[in-house]
Amino acid sequence: MLIKGFHHVAVKASDFEKSYKFYTELLGLKCRNSWGEGDKRAMMLVADDGSAIELFAGGTKTDAYTSPYIHIAFCVDDPDAFIEKVRAAGYGIKTEPKDMDVQGNPGFKARLAFCYGPDGEEVEFFKPLEGC
């Protein structure tokens with residue numbers, strides 16, 4: 001048995017069109033395939049490396065933290081540019097871009113920033129600066 005890599009995270013959207021536009025038009029993911037209709041609709045939205053967001057319709061907005069997952073992180077070339085792009089589109093910013101010494105053995109340096117997606121999901125823009 002061997003884990004070959006990361007494939008996708010599934011997100012259930014309360015407003016499918018808004019989430020679709022966030023992940024495709026704003027962040028640049030591409031629709032690989034889609035299926036279903038109405039609240040049973042879904043799409044696989046992929047990044048250049050093949051990792052993906054599987055977007056499902058039929059979600060509901062919640063105010064409470066209800067998942068063991070903390071955030072979705074995208075490896076990007078410029079976290080600052082992504083934050084400015086989502087800010088200009090009206091999305092909330094959780095953490096402004098900053099350089100960080102990530103603790104560990106070995107540790108490494110990274111630049112990162114966080115925003116909130118259409119359903120309040122936390123989205124991280126992450127760029128390793130060394131190591132990792």
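Scope of the values below: all heavy atoms of this structure, side chains included, with no hydrogens, waters or symmetry mates.
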Considering only distance and modelled atom types, tabulate donor-acceptor pairs under 3.5 Å from the side chains of residues 77-97, sequence neighbours left out.
residue	atom	partner	partner atom	Å
Asp78	OD1	Asp80	N	3.2
Asp78	OD1	Ala81	N	3.2
Asp80	OD1	Arg111	NE	2.7
Asp80	OD2	Arg111	NH2	2.8
Glu84	OE1	Arg87	NE	3.4
Glu84	OE2	Arg87	NE	3.4
Glu84	OE2	Arg87	NH2	3.2
Lys85	NZ	Leu26	O	3.0
Arg87	NH1	Glu96	OE2	3.1
Arg87	NH2	Glu96	OE1	2.7
Arg87	NH2	Glu96	OE2	3.2
Lys94	NZ	Glu122	OE1	2.9
Lys94	NZ	Glu122	OE2	3.3

Side-chain atoms of residues 9-25: list all donor-acceptor pairs with protein atoms under 3.5 Å, sequence neighbours left out, distances to 0.1 Å.
residue	atom	partner	partner atom	Å
Ser14	OG	Asp119	OD1	2.4
Asp15	OD1	Glu17	N	3.4
Asp15	OD1	Lys18	N	3.0
Glu17	OE2	Arg41	NH1	3.2
Glu17	OE2	Arg41	NH2	2.9
Tyr23	OH	Glu121	OE2	2.6
Thr24	OG1	Tyr20	O	2.6

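- Note: Phe74 and Phe125 have parallel aromatic rings, judged against thresholds of 30 and 60 degrees for the angle between ring planes.
- Linking Ile, Leu, Val, Met, Phe, Trp and Tyr residues whenever their side-chain heavy atoms come within less than 4.5 Å leaves Val76 and Leu112 in two separate clusters.
- Under the 4.5 Å side-chain heavy-atom criterion for ILVMFWY residues, a single connected hydrophobic cluster contains both Leu45 and Ile72.
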Pair Met44-His7, side chain to side chain contact (heavy atoms under 4.5 Å, CB included): steps then yes or no: CA-CA 10 Å; Met44 190 66 74; His7 191 267; 4.2 Å; yes
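- Val46 places none of its side-chain heavy atoms less than 4.5 Å from the side chain of Leu29.
- With sequence neighbours left out, Ser51 forms a side-chain hydrogen bond (donor to acceptor under 3.5 Å, both in side chains) with Asp49.
- Interatomic distance, CD of Glu54 versus OG of Ser34, reported as 12.0 Å (0.5 Å rounding).
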